[in-house]
Amino acid sequence: MTHDGTSAVPATHETTISPVTRDDERAVVALWEAAGLTRPWNDPAADLRSALETPTSTVLGARLHGGALLDGTLPDGTLPDGAVPDGAVPDSALPDSTLVGTVMVGYDGHRGWVYYLAVDEAQRGTGLGRALMVAAEAWLVSQGAPKVQLMVRTTNTAVLGFYAALGYTDQSCVVLGRRTD
């Protein structure tokens, strides 16, 4: 258990999960593009910056390290608010750190939302997607979210089994949208 009562984020001996920074923009966008999550009408870099600048959202990143662990930190290398504990080394500062997964989270005051769950193709099937979802849920709970929701494109049916295994169910609703820009 972490100091706020949430479960520790599962991570392998080589992987840590913590908030990304603007310095990670290129790596994050490249991962989202490789995972097929971007669309021509959305600027992924702008989405990332907006999430990082808004106090009720963030993007968590999974980093693969050359076997390094973050001594003296939580398994995700940070406190729930993204701060690095005194004396700890932020995982983004560790040598040989490679971004291998992300998840964007946001709390609108009513529901927690998950976006941009991406795992590097070489890391799929290792439990990293599950670890990112556990971290996302813990972050949303720490913000007060009573429920977590996500949207899956109708063309991405392959991930439905993954989410079902995590306990997510169809909410029997239709999402409508309208561009305002």
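Numbering starts at 1 and runs along the sequence shown.
Under a hydrophobic-cluster definition in which Ile, Leu, Val, Met, Phe, Trp and Tyr are linked whenever side-chain heavy atoms come within less than 4.5 Å, directly or via other members, Val152 and Phe162 are assigned to the same cluster. No chain of hydrophobic side-chain contacts below 4.5 Å, direct or via other Ile, Leu, Val, Met, Phe, Trp or Tyr residues, connects Met151 to Leu166. When hydrophobic clusters are built by joining Ile, Leu, Val, Met, Phe, Trp and Tyr residues whose side-chain heavy atoms come closer than 4.5 Å, directly or via intermediates, Val100 is grouped together with Leu132. Hydrophobic clustering places Tyr168 together with Tyr107 (ILVMFWY residues linked when any side-chain heavy atoms are closer than 4.5 Å, directly or through intermediates). Hydrophobic clustering (side-chain heavy atoms under 4.5 Å, transitive across Ile, Leu, Val, Met, Phe, Trp, Tyr) groups Leu99 together with Leu37.
Note that OG of Ser50 and CG of Asp43 are 10.5 Å apart. Values are rounded to the nearest 0.5 Å. Taking OH of Tyr163 as the reference point, atom CG of Asn156 lies at 8.0 Å (rounded to 0.5 Å). Here the OG1-CD distance, from Thr56 to Gln143, works out to 7.5 Å after rounding to the nearest 0.5 Å. Of the inter-residue distances, the one linking Met133 atom CE with Leu128 atom CG reads 12.5 Å to the nearest 0.5 angstrom. Atoms NZ and CH2, on Lys147 and Trp113 in that order, are 8.5 Å from each other to the nearest 0.5 Å. The CD atom of Gln149 sits 11.0 Å away from the CG atom of Leu140 when rounded to the nearest 0.5 Å.
Within a 6.0 Å sphere centred on CD of Gln171, other residues, nucleotides and ligands contribute more than 12 heavy atoms. Within a 6.0 Å sphere centred on CZ of Arg179, heavy atoms belonging to other residues, nucleotides or ligands number more than 12. Within a 6.0 Å sphere centred on CZ of Arg26, heavy atoms belonging to other residues, nucleotides or ligands number 12 at most.
In this structure a side-chain-to-backbone donor-acceptor pair under 3.5 Å is present from Asp170 to Ser172. Of the possible polar contacts, none joining the Ser57 side chain to the Gly106 backbone as a donor-acceptor pair under 3.5 Å is found. Judged by distance alone, with hydrogens and angles left aside, the side-chain atoms of Arg124 form a donor-acceptor pair with the main-chain N or O of Val119 at under 3.5 Å.
Contact record, Ile17 with Ala135: CG2-CB, 3.8 Å, taken as the closest heavy-atom pair. Residues Ala118 and Trp32 come closest through the heavy atom pair CB-CD1, 3.9 Å. Residues Thr157 and Thr154 share a closest heavy-atom pair of CG2-O, 3.5 Å. When every heavy atom of Val114 is checked against every heavy atom of Ala136, the shortest pair comes out as CG2-CB, 4.4 Å. Scanning all heavy atoms of the two residues, the minimum distance from Glu25 to Ala45 falls at OE2-CB, 3.4 Å. Here the shortest heavy-atom pairing between Leu64 and Gln123 reads CD2-NE2, 3.9 Å.
Looking at Val59 and Val103, their side chains never come closer than 4.5 Å, going by heavy atoms from C-beta outward. Side chains of Asp24 and Thr21 form a contact here, defined as non-hydrogen atoms less than 4.5 Å apart.
The side-chain hydrogen bond (donor to acceptor under 3.5 Å, both in side chains) test with Tyr116 singles out one residue from Asp47, Thr38, Thr102, and that residue is Asp47.
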